[in-house]
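Just so it is clear, the model here is predicted, and its values are computed rather than measured.
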Amino acid sequence: MRRIMGGVGLLLGCGIFSGIFRGISSVVLGVVVGGILPATAHAAGDEVTLTASVDGRPAGPDDLVLDPSGSAKIAITVHNGTDTVRHVKTVRLSGTALALTFFSYDTTVPFDVPAKQSVTKAFFLDLGQLGTQATGLLPTDIEVLDVERQVIASIGATGDVRGSMWSVYGVFGLAVFFLTALAWAGALWALARRRLPANRWQRAMQFLPAGVGTGLVAVISLSVLRVMAPSPAAEVPFILGAAAAAFLLGYLTPNAAEPPPVDPETTQRITRPLPGGAA
């Protein structure tokens, strides 16, 4: 039992730390890109920009309702600030969370955008399969791709997906919750059985996967309950905070190691005299 729970904790930790690294990288990259590139692009004035709306709601700070029960009307406007014609072939609608893509729709809408001009296109997208892919608030991107499937321009928003709890994203959250519960059970079981390592750092590392999983469960739960979308800026504090708390809990846990077994051969047999002088 202990080996199984330890393996689950190790598996959870390895998978989660890769997601944390990608999340931190996204935050750093976003700060760098957001702080440097906009000023450069504005000075050059030769970029391709995109504006979009879903069922009349512009993509931006407001949530975009994505209802799988019907079709969504997507309208895009591509402004070509370059000196060459840009050939658009595909419009992509995708949603990501924890550096994973949970839904993606590619629609072929070929058109050309002349230099220094803007072109507007609108089309209907069938979202019937979205209910089995995601639910809750997810970061959503609308992108236009060229004939070589390279992204020309994109715009981000928060999608309010009205999907099922048994969608891919919902089941993913339940799986993370189950693995986190196993990680906590393994750590607490070892504590109750007095099987924790004597070294404080080793005890802390045994609690760490459970803490990281707790942070992930919090991020996914807030997303499914439509409280907050799981952006990198929100994921990293939740996950690192829960991981630090669990690490500190394991470090401060008293040494509950089991006392060494007593060797019968090293014990001395003490006899007591019986009544009548017999030994």
Side-chain angles (χ1 to χ4, degrees), residues 1-34 95-102 134-139 158 165 168-257:
M1 181 69 175
R2 180 186 175 191
R3 292 181 179 179
I4 295 176
M5 291 184 176
V8 170
L10 180 61
L11 178 63
L12 180 64
C14 293
I16 289 172
F17 278 122
S18 63
I20 294 176
F21 178 77
R22 286 183 291 181
I24 296 176
S25 302
S26 300
V27 173
V28 175
L29 182 61
V31 172
V32 174
V33 173
T96 60
L98 300 170
L100 300 174
T101 301
F102 286 94
T135 184
L137 299 180
L138 276 83
T158 300
M165 183 60 193
V168 174
Y169 185 57
V171 173
F172 172 75
L174 293 176
V176 173
F177 174 80
F178 177 73
L179 292 176
T180 302
L182 283 182
W184 275 114
L188 296 178
W189 178 263
L191 176 64
R193 293 288 304 275
R194 299 179 179 272
R195 298 288 186 179
L196 287 176
N199 185 277
R200 286 186 178 275
W201 293 102
Q202 293 180 356
R203 296 202 300 272
M205 292 301 297
Q206 193 160 343
F207 277 79
L208 183 60
V212 177
T214 302
L216 272 178
V217 170
V219 171
I220 298 174
S221 299
L222 292 176
S223 171
V224 173
L225 295 175
R226 295 179 174 83
V227 177
M228 182 180 63
S231 63
E235 296 167 6
V236 174
F238 269 104
I239 297 175
L240 292 185
F247 186 90
L248 185 63
L249 176 63
Y251 184 84
L252 297 178
T253 300
N255 184 4

Can you name the one residue among Leu222, Leu216, Val217 that meets side-chain contact (heavy atoms from CB on, under 4.5 Å) with Phe238?
Leu222

Could you tell me the separation between the CZ atom of Arg203 and the CG atom of Leu249, rounded to the nearest 0.5 Å?
10.5 Å

Let me have the donor-acceptor pairs involving side chains of residues 225-233, under 3.5 Å, with sequence neighbours excluded, atom names and distances please.
unit_1, atom_1, unit_2, atom_2, d
Arg226, NE, Asp160, OD1, 2.7
Arg226, NH2, Val161, O, 2.7

Looking only at non-hydrogen atoms, find the nearest pair between Ala97 and Glu235 and report the distance.
C-OE2, 4.4 Å

Pair Phe207-Thr253, side-chain contact (heavy atoms from CB on, under 4.5 Å): steps then yes or no
CA-CA 10 Å; Phe207 277 79; Thr253 300; 4.3 Å; yes

Approximate separation, where rounding is to 0.5 Å, of Leu191 CG and Gln206 CD:
9.5 Å

Measure across Met205 and Phe247 and return the closest heavy-atom pair with its distance rounded to 0.1 Å.
SD-CE1, 3.8 Å

Decide yes or no on side-chain contact (heavy atoms from CB on, under 4.5 Å) for Leu98 and Ile220, but give the supporting numbers first.
CA-CA 9 Å; Leu98 300 170; Ile220 298 174; 3.9 Å; yes

Are Thr158 and Leu138 packed together at the side-chain level, in the sense that at least one heavy-atom pair is separated by less than 4.5 angstrom?
no

Check residues 171-179 and write down every donor-acceptor pair under 3.5 Å in which the side-chain atom is one partner and the other belongs to a residue at least two apart or another chain.
none

Ignoring hydrogens, what is the shortest heavy-atom contact between Met165 and Val224? Give both atom names and the distance.
SD-CG1, 3.9 Å

Closest contact, heavy atoms only, Tyr169 versus Ser223
OH-OG, 3.1 Å

Assess whether side-chain contact (heavy atoms from CB on, under 4.5 Å) is satisfied between Phe102 and Thr96, documenting all intermediate values.
CA-CA 6 Å; Phe102 286 94; Thr96 60; 6.0 Å; no

Please report the closest heavy-atom contact between Trp184 and Ala246, naming both atoms and the distance.
CH2-CB, 4.2 Å

For Pro197 versus Gln202, what's the shortest heavy-atom pair and its separation?
CB-OE1, 3.2 Å

